[in-house]
K.L.:
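Have a look at this one before I ask anything.
We count residues from 1, following the sequence as given.
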Amino acid sequence: MDLVLRDALVVDGTGAPSYRADVALDGGRIAEIHPEGSPGPRPTATRHVDADGLTLAPGFIDMHAHSDLALLRDPDHSAKAAQGVTLEVLGQDGLSYAPADDRTLAEVRRSITGWNGDGSDIDFDWRTVGGYLDRLDRNFGGQGIAVNAAYLIPQGTVRMYAVGWDDRPATADELARMKELVDQGMREGAVGMSSGLTYTPGMYADDAELTELCRVVARHGGYYCPHHRSYGAGALEAYEEMVQLTRNAGCALHLAHATMNFGVNKGRAPDLLALLDGALAAGADISLDTYPYTPGCTTLVAMLPSWVSEGGPDAILARLADAESAERIRHHLEVLGSDGCHGVPIEWDTIEISGVGAPHLAEYVGRTVADSAVLRGEEPWVTARRLLTEDRLGTTILQHVGHEENVQQIMRHPVHTGGSDGILQGDKPHPRAYGTFPQYLGRYVRELGILSLEECVAHLTSRPAARLRLADRGLVREGYRADLVLFDPEAVAAGSTFAEPRALPVGIPHVLIDGRFVIEDGRRTSVLAGRAVRGAGAGAAGAGVGAGAGAL
């Protein structure tokens, strides 16, 4: 054997009680599990690690990640590797970098600069989903990437490609083109499709259009992952819309960062769970993910009403520069409640600036828009408009509108999985990017007892693996891939805080991918064992289909 993890407390990902065992690894897989007291000789190997006092679990799967460019630029990627994350799902919220042509790529780069940076340090040598997945595999001189990655086809990018930024129904030809793009992306290895239905231009799609695209996804065994139309006013109706839409399409549904936010939804988690339970009882295939924090994180431009974005980023800036249009925007934000702010009038004292691209705006970081406005002696909208304009729409924010009781109730649900929604950009990013998984284990298991250790590990491993249809990941089981994490259940905790958001977790000394240590004795190694994980719908040609630029 290559390696034996000796005397570990195995939490195998099924939710079953833990047990002590030696676990032997060979050739990147779990070769033997020898429970304590079982007959026969204990396994031996060229190397042994004393795991006494440590819990051995499958590697954690981050079901909602924004590392689309971070994995290409950062070989270390300790933000996720140090948490025990061995697989991330990218392409979230309907906006990412494939499929695209040159125009679309330029537009989407500008649109999500606040999520991933402007990409000026990246060689965008792909235009297709297959090309992007190939690029992950051959990154850093062919070594690969820090952790494994799967990809969702971003519906907003697909609409940007086929329709543009117009707020109108797609024509028959445009819909056919979008279905072709989704079909090709699924054949090339995507695991499903995402939407950002409070983000433009994806939000311009009606339910009929989305249903047609979901039918394509379903044919390939994928799932639909919507950031749905509202997490505030009308949240429950927005969830119900997605449930009904996917039932009509015959498509599995995974609800992104599922929560009930803003004052209108305080204490309403039971309403959401009752809706889900009813749909599950009727035969729906539904799962969801959450992060174990109350604030959300997005870009400041995302708060604007959708009509502001029609025409794309340059049109947004032009409207902000026009006094009459700017006043109309303010009225929608502060009085009517814009669809970008989930139908709730914006409360500037809940909007904390977490990152800016322009250095001269750094004084705003860590302050709310309301506080910044007081310091400047102006109204909050004037400050927000200044940020949007001078930062060229790249400002990221934390939005403090969540409710702890909702967070706790939703994470207990049997179809729940973990997702960080981790945006790594900005001077003060949300601590969830660096702390989601140890936060679950430390705060919500050990300190609060919201979940048992065994149940929590199942939420973070086997349940997401089942959603992704991964036949050999998500469990500590013989023959499965040796993507594993060893942690101290008495010490594991998130190091990241809102004050120090990039502090690494504690109590996770070892993380292995493909049987190789990416974290060893609490330190990042130089190993790049991550690869693109392709979906069940990938064709015989795999990632090679249409991999080159311009193949669409």
K.L.:
Looking only at non-hydrogen atoms, find the nearest pair between L273 and Q409 and report the distance.
P.N.:
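L273 and Q409 have their closest heavy atoms at CD1-O, 3.7 Å.
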K.L.:
Do any N or O atoms from the side chain of R443 and from the backbone of A494 form a donor-acceptor pair under 3.5 angstrom?
P.N.:
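It does not hold such a pair.
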K.L.:
If you count the non-hydrogen atoms of other residues, nucleotides and ligands that lie under 6.0 Å from CD in E500, is the total more than 12?
P.N.:
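At most 12 heavy atoms, drawn from other residues, nucleotides or ligands, come within 6.0 Å of this atom.
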K.L.:
Taking the side chain as everything from C-beta on, heavy atoms only, tell me whether Y97 gets closer than 4.5 Å to N116.
P.N.:
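A side-chain contact exists here, since the closest heavy-atom pair is under 4.5 Å.
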K.L.:
Applying the side-chain contact (heavy atoms from CB on, under 4.5 Å) criterion to V415, which one of D285, L280, L255 satisfies it?
P.N.:
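Of all the options given, the one that passes is L280.
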K.L.:
Determine yes or no for a side-chain-to-main-chain donor-acceptor pair under 3.5 angstrom, with S194 supplying the side chain and G91 the backbone.
P.N.:
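Such a contact is found between S194 side chain and G91 backbone.
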K.L.:
Would you say R432 and Y291 are linked by a side-chain donor-acceptor pair, where the criterion is simply a distance under 3.5 Å?
P.N.:
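Side chains of Y291 and R432: pair found under 3.5 Å.
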K.L.:
For a quick test of reading the model, state the closest non-hydrogen atom pair linking V85 to V147 and the distance between them.
P.N.:
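Closest heavy-atom pair between V85 and V147: O-CG1, 3.4 Å.
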K.L.:
Closer than 3.5 angstrom, by distance alone: can the side chain of D488 be matched with the main-chain N or O of L54 as a donor-acceptor pair?
P.N.:
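No; zero donor-acceptor contacts below 3.5 Å.
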K.L.:
Are any non-hydrogen side-chain atoms of L528 and P75 less than 4.5 angstrom apart?
P.N.:
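Sidechains of P75 and L528: in contact.
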K.L.:
When you measure from the side chain of R247 to the backbone of A282, do you find a donor-acceptor pair of N or O atoms at a distance under 3.5 Å?
P.N.:
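At least one qualifying donor-acceptor pair exists.
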K.L.:
Any sub-3.5 Å donor-acceptor pair from R446's side-chain atoms to P489's backbone N or O?
P.N.:
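Answer holds: yes.
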K.L.:
Hey, mind stepping through Y224 and S195 against side-chain hydrogen bond (donor to acceptor under 3.5 Å, both in side chains) and telling me if it holds?
P.N.:
CA-CA 8 Å; Y224 181 43; S195 282; 2.7 Å; yes
K.L.:
Identify the two heavy atoms, one from H66 and one from G422, that lie closest to each other, and give their separation to 0.1 Å.
P.N.:
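It is CB-O, 3.5 Å.
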K.L.:
Would Y293 and L398 count as a side chain to side chain contact (heavy atoms under 4.5 Å, CB included) if you check the C-alpha gap in whole Å, the side-chain angles of each, and the deciding distance to 0.1 Å?
P.N.:
CA-CA 11 Å; Y293 299 87; L398 304 184; over 6 Å; no
K.L.:
Before we go on, tell me: are the rings of H416 and Y440 under 6.0 Å apart, centre to centre?
P.N.:
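Yes.
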K.L.:
Carefully, step by step, assess I519 and R524 under the rule side chain to side chain contact (heavy atoms under 4.5 Å, CB included).
P.N.:
CA-CA 5 Å; I519 300 290; R524 179 72 171 93; 3.9 Å; yes
K.L.:
Could you check whether atom CZ of R523 has more than 12 heavy atoms from other residues, nucleotides or ligands sitting under 6.0 Å from it?
P.N.:
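For R523, atom CZ is not crowded (no more than 12 foreign heavy atoms under 6.0 Å).
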K.L.:
Can a donor-acceptor pair be found, under 3.5 Å and without considering hydrogens, that links the side chain of H430 to the backbone of P295?
P.N.:
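Confirmed, H430 side chain pairs with P295 backbone.
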K.L.:
Taking it one step at a time, do L210 and L197 satisfy side chain to side chain contact (heavy atoms under 4.5 Å, CB included)?
P.N.:
CA-CA 10 Å; L210 295 171; L197 299 179; 3.9 Å; yes
K.L.:
Just verifying a value: how many Å separate I286 CD1 and L275 CG, rounded to the nearest 0.5 Å?
P.N.:
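Reported to 0.5 Å precision, the distance equals 7.0 Å.
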K.L.:
Give a yes-or-no answer on whether the side chains of H254 and S287 include a donor-acceptor pair shorter than 3.5 Å.
P.N.:
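Yes.
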K.L.:
Using modelled atom types only, decide if a donor and an acceptor are shared between the side chain of T417 and the backbone of P464 within a distance under 3.5 Å.
P.N.:
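It does not hold such a pair.
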K.L.:
Does either side chain, that of Q92 or that of H257, offer a donor lying less than 3.5 Å from an acceptor on the other one?
P.N.:
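Q92 vs H257: no donor-acceptor pair found between side chains.
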K.L.:
Show your reasoning for whether side chain to side chain contact (heavy atoms under 4.5 Å, CB included) applies to R477 and T14.
P.N.:
CA-CA 10 Å; R477 180 172 291 175; T14 64; 4.1 Å; yes
K.L.:
May I ask you to test the L90-Y132 pair for a side-chain heavy-atom distance under 4.5 Å?
P.N.:
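Yes; the side chains approach each other to less than 4.5 Å.
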K.L.:
Answer with yes or no whether the side chains of T198 and H227 bring together a donor and an acceptor at under 3.5 Å.
P.N.:
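Yes - a donor-acceptor pair under 3.5 Å links their side chains.
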K.L.:
Taking C-beta and beyond as the side chain, do T290 and V407 meet within less than 4.5 Å on heavy atoms?
P.N.:
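No. Closest side-chain heavy atoms not under 4.5 Å.
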K.L.:
Establish, from distance only, whether the side-chain atoms of E404 and Q408 form a donor-acceptor pair under 3.5 Å.
P.N.:
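Yes, Q408 and E404 have a side-chain donor paired with an acceptor closer than 3.5 Å.
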K.L.:
Side chain of T157, backbone of S96: donor and acceptor closer than 3.5 Å?
P.N.:
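Answer holds: yes.
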K.L.:
Checking A532 now: which residues fulfil side-chain contact (heavy atoms from CB on, under 4.5 Å) with it, not counting sequence neighbours?
P.N.:
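A532: side-chain contact (heavy atoms from CB on, under 4.5 Å) contacts with L133, L136, D137, R534.
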K.L.:
Looking only at the side chains, is there a donor atom on one of E88 and S67 sitting less than 3.5 Å from an acceptor on the other?
P.N.:
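Yes - a donor-acceptor pair under 3.5 Å links their side chains.
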K.L.:
Classify the side-chain pair Y199/T298 by whether it contains a donor and acceptor separated by less than 3.5 Å.
P.N.:
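There is such a pair between these side chains.
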K.L.:
Tell me, do T461 and L475 make a side-chain contact under 4.5 Å, heavy atoms counted?
P.N.:
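T461 vs L475: side chains apart.
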K.L.:
With no hydrogens and no angle check, is any side-chain donor or acceptor of D76 less than 3.5 Å from a backbone partner on S78?
P.N.:
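Here the side-chain-to-backbone pair exists.
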K.L.:
Could you tell me if N148 and D483 have a donor-acceptor pair between their side chains, going purely by distance under 3.5 Å?
P.N.:
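Side-chain D/A pair, D483 to N148: present.
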K.L.:
Using 4.0 Å as the upper bound for N to carboxylate O, is an ion pair formed by R29 and D472?
P.N.:
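So D472 pairs with R29 through a salt bridge.
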K.L.:
Would you mind reporting whether M260 and Y239 have side-chain heavy atoms less than 4.5 Å apart?
P.N.:
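Answer yes - side chains close enough.
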K.L.:
With a 4.0 Å cut-off, would you call E237 and R229 a salt bridge?
P.N.:
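R229 and E237: not salt-bridged.
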K.L.:
Heavy-atom distance under 4.5 Å between the side chains of Y223 and V217, does that happen here?
P.N.:
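When only atoms from C-beta onward are counted, V217 and Y223 do not touch, as no gap falls below 4.5 Å.
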K.L.:
Output yes when a side-chain donor or acceptor of D62 lies under 3.5 Å from a complementary backbone atom of S420, and no otherwise.
P.N.:
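It does hold such a pair.
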K.L.:
For A538 versus E188, what's the shortest heavy-atom pair and its separation?
P.N.:
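The pair with the smallest heavy-atom distance is CB-C, 4.5 Å.
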K.L.:
Just verifying a value: how many Å separate F262 CZ and R268 CZ, rounded to the nearest 0.5 Å?
P.N.:
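Rounded to the nearest 0.5 Å, the CZ-CZ separation comes to 14.0 Å.
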K.L.:
Applying salt bridge (Lys or Arg N to Asp or Glu O under 4.0 Å) to E405 and K266, what does each step give before you reach the verdict?
P.N.:
CA-CA 8 Å; E405 65 272 26; K266 183 177 175 62; 3.2 Å; yes
K.L.:
When rounded to the nearest 0.5 angstrom, what distance separates CG in D68 from CD1 in I112?
P.N.:
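Rounded to the nearest 0.5 Å, the CG-CD1 separation comes out at 6.5 Å.
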K.L.:
So do the side chains of K179 and V182 get within less than 4.5 Å of each other, counting heavy atoms only?
P.N.:
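No, side chains not in contact.
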K.L.:
Distance check, rounded to the nearest 0.5 Å: F487 atom CZ versus H510 atom NE2?
P.N.:
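With rounding to 0.5 Å, CZ (F487) is 13.5 Å from NE2 (H510).
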K.L.:
Distance check, rounded to the nearest 0.5 Å: R516 atom CZ versus T525 atom OG1?
P.N.:
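So the gap between those two atoms works out to 8.0 Å.
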K.L.:
May I ask you to say whether R187 pairs ionically with D183, meaning some side-chain N is under 4.0 Å from a carboxylate O?
P.N.:
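Salt bridge: yes.
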